[in-house]
Amino acid sequence: MPDGKEVTTAQADVWDAVKSSRAIAARVNAELIDLGMLQQASDDAVVELVSFDSEAGKEIYRHSTSHILAHAVKELFPDAKPAIGPATEDGFYYDFDRDIPFTPEDLLKIEKKMQEIIKANTPFVRKDISRLDAIELFKKSGDTYKVEILEGIDAENVSLYEENGFVDLCRGPHIQRTGRIKAFKLLSIAGAYWRGDSNNKMLQRIYGTAFETKDDLKAYLDFLEEVKKRDHRRLGRELDLFSFDENIGAGLILWHPNGSIMRKTIEDFWRDEHIKADYHILFTPHIAQLKLWEQSGHWEFYRDSMYDPMQIDNVAYELKPMNCPFHISIYKSSLRSYRNLPIRYAELGTVYRYEKSGVLHGLLRVRGFTQDDAHIFCREDQIEDEIQNILNFTLFVLNTFGFEKYDIYLSTQPEKFVGTPEIWERSTDALKKALDARGLSYQVDEGGGAFYGPKIDIKIKDALNRSWQCSTIQVDFNNPERFDLGYRGSDGAEHRPIMIHRALMGSLERFFGILIEHYAGIFPLWLAPMQVSVLTIAERHTEYAAEIVAALKSAGIRAEINADNEKIGYKIREATLRKVPYLAIIGDKEAEEKKITVRKRDGENIGPFTTAEFIGIIVEEIKRRK
RNA sequence: GCCGGGAUAGCUCAGUGGUAGAGCAGCUCACUCGUAAUGAGCAGGCCGAGGGUUCAAGUCCCUUUCCCGGCUCCA
């Protein structure tokens, strides 16, 4: 039962329970079935009712809505061939093959037709037939995609669901009647390859979502609105942080003054903390000879997303897509002994990758970006300690930027790999131990490691509970081999070091985009591009206000004066829209008492303070980075 | 890269083959004002770029750049 109660299938009891519940389907002996099939369950079966509250329930509910969508499309556009229509995490979609593209107006028509189908409240009827009969049936109706699916199914029998004359191939289960759908909305139209393969035909996908109540649907649509409001591309323009220019090129970012000062703040923090954590900060070139990436193997694997090499003095040069070969070269610039290890090199290294035009997306997917990269060269026996250090360091950095929830994944040896199984086992074990030592729970992605070593990925959750993968820690057995790295051991012999690649933010640009959305542009004081705006009431206050700004600036605070010929309400509004954390308001009272009245971003008034008191408060808050 | 939709003033957008518009922002002037928009005036455009159809193109057609929603991809 949804409430956790289990009952036996004395039919009458079960039906009473179903009637008084919001059940959508049932799970009998762990198998999901239609409610209508409950009668066939044996008396000793364990029955659980599945409602919309469960993932399975949502999926069935939304999948049924997608059937209704297909039914409506079929009625309105008989030339459209249905392909597949599953539920997704927060909705559903259905793919159709049709020569004429659907328009937003079509969507409204389809919604209307769906309402009619729901209102008719006809039952979903399951039919079990042989696979071959089903193929015949769909061949007759010209449903070539269904035929193709059936041809790929490895079973004697399949099930069909029919609802008021509309038949679809489906494993089920479904809701009992179309009237069960209480709230749905079609959201968008997009292209999608048949079976997700870019060699296949492009179909038209209609996205939608469905909920059990109108209120829940509204809450979801409100959430989508909130996502839109926080869109870093929109806030990036509104807060004048960055832009793109058609004349410069797709996926190439222009950092405006406001964005740049924030980036500088982030970079300063990053570099300072790395130096404290015994990393060496590096700078390396943006282009280098192609042979470096031939040697690293990147050219072989990622040629498609690397820019074409350029010929310079008859030598092929390449815009760098990765920083590792440079760090490796620095490692190799001197003989290393076991006493030197670990050596930690860190760089905010800007790399260029040719991303397909269609995937570019604001700051989140670009063609030029800066990795907060580090490479650690260590002995095998140092891996565990190093990973532990990195984990602590990573979580500290993520916390500082306001991310406190994350999912951690450990990826293990894939089918194709370099190195020996023994070293894979030992280092994977070291990663596990490091995670356990920090008391971090994680999921294991079996076989999900890169060919060159196991890795730990950390996905952060933002204020809207959306997941973003930023941090990655990867052990590398490949590059030390390819670049013939060595160190002199205590035994006097030459040994091969292990490399650990690691990024905390991943890409500075992308992380910045995520930060914008996480904070909705309302940045904590230490990051805010303008920290204090000093607003004058009238012209005669300009002089005192300028004194305050000068004092704030000399204390390292980002401050400005707004002595414009405007009313105070206007100035407050203007600064509030720019999300300036503190507004100092200067009028006769303040000028006379040599004090400052302060209005916080949320509208709260504090003070009055002397300039020194106010500076103390601000500096302290900046220091705490909260 | 693929499918679909777009690009008009700094921003948000209207303009269905016949004289390029609005609001906000900007500038000027007046008001010197106490916690989210004072009023008036002015200026602002190669209608993304290139080609074509037409007496006439922001509007129709082709090419191209860039953007948006997805798909595929992401060291």
Side-chain angles (χ1 to χ4, degrees), chain A residues 93 95 97-104 106 187-207 228 231 233-234 237-238 240 243-252 293 296-306 320-324 351 353-362 364-367 369 371 373 450-452 455 469 472 474 476 478-479 501 503 506-507 510 535-542 563-578 583-590 597-605:
Chain A
Y93 65 79
D95 287 346
D97 183 3
R98 180 172 180 245
D99 292 338
I100 307 159
F102 291 115
T103 65
D106 291 338
L187 298 169
S188 61
I189 313 156
Y193 296 110
W194 165 236
R195 297 202 144 152
D197 185 336
S198 57
N199 296 314
N200 287 343
K201 187 167 182 184
M202 180 70 72
L203 308 177
Q204 294 185 65
R205 176 170 297 179
I206 298 179
Y207 281 94
K228 241 193 228 168
D231 191 317
R233 292 167 298 185
R234 174 184 175 151
R237 187 172 46 241
E238 286 175 0
D240 203 10
S243 68
F244 295 89
D245 187 324
E246 186 180 359
N247 296 312
I248 286 166
L252 301 170
W293 290 283
S296 70
H298 289 118
W299 180 243
E300 189 189 341
F301 283 96
Y302 300 107
R303 181 192 299 234
D304 286 349
S305 39
M306 287 168 67
K320 79 167 159 181
M322 279 294 256
N323 302 303
C324 356
V351 298
R353 296 179 185 177
Y354 173 74
E355 301 283 1
K356 289 176 183 172
S357 62
V359 306
L360 300 172
H361 181 93
L364 303 184
R365 195 78 184 269
V366 292
R367 285 181 174 163
F369 62 95
Q371 292 183 312
D373 213 355
F451 71 90
Y452 50 74
K455 63 172 180 171
Q469 199 210 303
T472 183
Q474 310 185 348
D476 182 356
N478 181 49
N479 272 311
H501 305 249
S507 142
R510 180 166 175 274
L535 315 180
T536 55
I537 300 280
E539 256 173 51
R540 63 180 174 280
H541 307 123
T542 306
D564 285 357
N565 185 9
E566 288 292 348
K567 286 187 173 178
I568 194 68
Y570 182 89
K571 294 186 193 180
I572 287 172
R573 176 182 156 80
E574 189 272 338
T576 305
L577 290 175
R578 285 192 294 137
L583 307 181
I585 293 164
I586 306 304
D588 287 337
K589 203 173 62 180
E590 288 78 11
T597 305
V598 178
R599 180 190 159 108
K600 299 207 301 193
R601 196 159 35 180
D602 60 8
E604 189 196 345
N605 275 299

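Lettering of chains follows the sequences in order, A, B, ..., and the numbering in each one begins at 1.
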If I take atom CD1 in residue A:I206 and atom P in nucleotide B:rG69, what distance separates them, rounded to the nearest angstrom? 19 Å
Whole-Å gap separating P (B:rG34) and NZ (A:K589): 12 Å
Distance in Å, A:T597 OG1 paired with A:E590 CD, rounded so as to fall on 0.5 Å steps: 3.5 Å
pair A:F244-A:R233: side-chain heavy atoms closer than 4.5 Å: no
Does A:R205 make a side-chain N or O approach to OP1 or OP2 of B:rG69 shorter than 4.0 Å? no
Taking the side chain as every heavy atom from C-beta outward, state whether A:W293 and A:M322 have any atom pair closer than 4.5 Å. yes
Between A:K356 and A:D304, does at least one N-O distance fall below 4.0 Å, as a salt bridge requires? no
Rounded to the nearest 0.5 angstrom, the OG1-CD1 distance for A:T536 and A:I585 is 10.5 Å
For a quick check of understanding: with a heavy-atom distance under 4.0 Å over all strands, which category does A:R353 fall into, base, sugar-phosphate or nothing? base
Quick one: on RNA chain B, does A:Q474 or A:D588 contact a more 5' nucleotide (nearest heavy atom)? A:D588
Tell me whether A:R353 contacts the main-chain N or O of A:E355 through its side chain, where contact means a donor paired with an acceptor under 3.5 Å. no
Could you tell me whether the phosphate oxygens of B:rG69, OP1 or OP2, come under 4.0 Å of any side-chain nitrogen or oxygen in A:H361? yes
Compare side-chain N and O positions of A:R365 against OP1 and OP2 of B:rC73 and report whether any pair is under 4.0 Å apart. no
Can you check whether A:R234 has a side-chain N or O nearer than 4.0 Å to OP1 or OP2 of B:rU12? no
Just call it for A:Q204: base, sugar-phosphate, or nothing, with non-hydrogen atoms closer than 4.0 Å on any strand. nothing
Using the P atom as the reference point in each nucleotide, state the distance between B:rG1 and B:rU63 in Å, no decimals. 15 Å
Once you round it to whole Å, what is the distance between P of B:rC3 and CG of A:D106? 20 Å
What nucleotide among B:rU72, B:rU32, B:rG34 has an atom nearest to a side-chain atom of A:K356? B:rU72
Quick one: label A:G358 by what it contacts on the DNA or RNA (base, sugar-phosphate, nothing), any heavy atom closer than 4.0 Å. base
Spacing between A:I585 atom CD1 and B:rG34 atom C1', to the nearest angstrom: 8 Å
Starting from C1' on B:rC33, measure out to CD on A:E539 and report it in whole angstrom. 11 Å
Is A:Y193 side chain donor-acceptor paired with the B:rG1 base, going by distance under 3.5 Å alone? yes
Contact class for A:P321 vs. all strands (heavy atom < 4.0 Å): base, sugar-phosphate, or nothing? base
Once you apply a heavy-atom cut-off of 4.0 Å, does A:R599 come out as touching a base, just sugar-phosphate, or nothing? base
Which part of the nucleic acid does A:D197 contact within heavy-atom distance under 4.0 Å: base, sugar-phosphate only, or nothing? nothing
Indicate, with a heavy-atom threshold strictly under 4.0 Å, whether A:L535 touches base, sugar-phosphate, or nothing. nothing
Which atom pairs link the protein and nucleotides 61-67 of chain B when you take only N or O atoms and keep those under 3.5 Å?
residue, atom, partner, partner atom, Å
B:rU65, O2, A:E246, OE2, 2.6

What's the closest nucleotide to the side chain of A:V359 if the choices are B:rU35, B:rC71, B:rC33? B:rC71
Under 3.5 Å between N/O atoms: give me all the protein pairs with nucleotides 13-15 of chain B, atom names plus distance.
none

Side-chain touch A:I206/A:Y93, heavy atoms, less than 4.5 angstrom: no
Supply the atom-to-atom distance A:R205 CZ to A:W194 CH2, rounded to the nearest 0.5 angstrom. 11.0 Å
Heavy atoms, side chains only, cut-off 4.5 Å: are A:S357 and A:R367 in contact? yes
So, under a plain 3.5 Å distance rule, would you say the side chain of A:E590 forms a donor-acceptor pair with the base of B:rG34? yes
What I'd like to find out is whether the side chain of A:H501 reaches to under 4.5 Å of the side chain of A:N479, using heavy atoms alone. yes
B:rC62 to B:rC3 separation - P atoms, rounded to the nearest Å: 14 Å
So, taking the atom named OG in A:S296 and the one named CG in A:D476, what distance separates them when rounded to the nearest 0.5 Å? 10.0 Å
When A:S188 and A:M322 are each assigned the nearest nucleotide of RNA chain B, the 5'-most assignment goes to A:S188
What integer number of Å spans the C1' atoms of B:rA9 and B:rG4? 29 Å
Taking the side chain as everything from C-beta on, heavy atoms only, tell me whether A:L583 gets closer than 4.5 Å to A:I572. yes
For A:T103, is there any backbone N or O sitting under 3.5 Å from a side-chain donor or acceptor partner on A:D106? yes
Check every strand shown and say whether A:Q469 touches a base, only sugar-phosphate, or nothing at a heavy-atom separation below 4.0 Å. nothing
With a 3.5 Å cut-off and heavy atoms only, can you find an N or O donor on one side and an acceptor on the other between the side chain of A:S296 and the base of B:rA75? no
Could you go through the salt bridge (Lys or Arg N to Asp or Glu O under 4.0 Å) check for A:D197 and A:R195 one step at a time? CA-CA 5 Å; A:D197 185 336; A:R195 297 202 144 152; over 6 Å; no
Listed in order of residue number, which residues of residues 567-576 of chain A have a non-hydrogen atom at under 4.0 Å from RNA chain B? A:K567, A:I568, A:G569, A:Y570, A:I572, A:R573, A:T576
Pairing pattern in dot-bracket form [Watson-Crick, G-U; both distances under 3.5 Å; | = partner strand] for RNA chain B: (((((((..((((....[..)))).(((((.......))))).....(((((..]....))))))))))))....
Figure out the CG/C1' separation between A:N199 and B:rC3, and round it to whole Å. 15 Å
Please identify each residue that fulfils side-chain hydrogen bond (donor to acceptor under 3.5 Å, both in side chains) with A:R234, with sequence neighbours left out. A:E238
Is the count of non-hydrogen atoms from other residues, nucleotides or ligands lying under 6.0 Å from A:D99 atom CG greater than 12? no
Rounded to whole Å, please give me the gap between CG in A:L577 and P in B:rA37. 10 Å
In whole Å, I'd like the distance from the CG atom of A:D564 to the P atom of B:rU38. 12 Å
Is A:A190 touching bases, backbone alone, or none of the nucleic acid, heavy atoms closer than 4.0 Å? base
Results of salt bridge (charged side-chain N to carboxylate O under 4.0 Å, His left out) for A:R601 - residues two or more places apart only: none
Under 4.0 Å from OP1 or OP2 of B:rG69: is there any side-chain N or O of A:Y93 that close? no
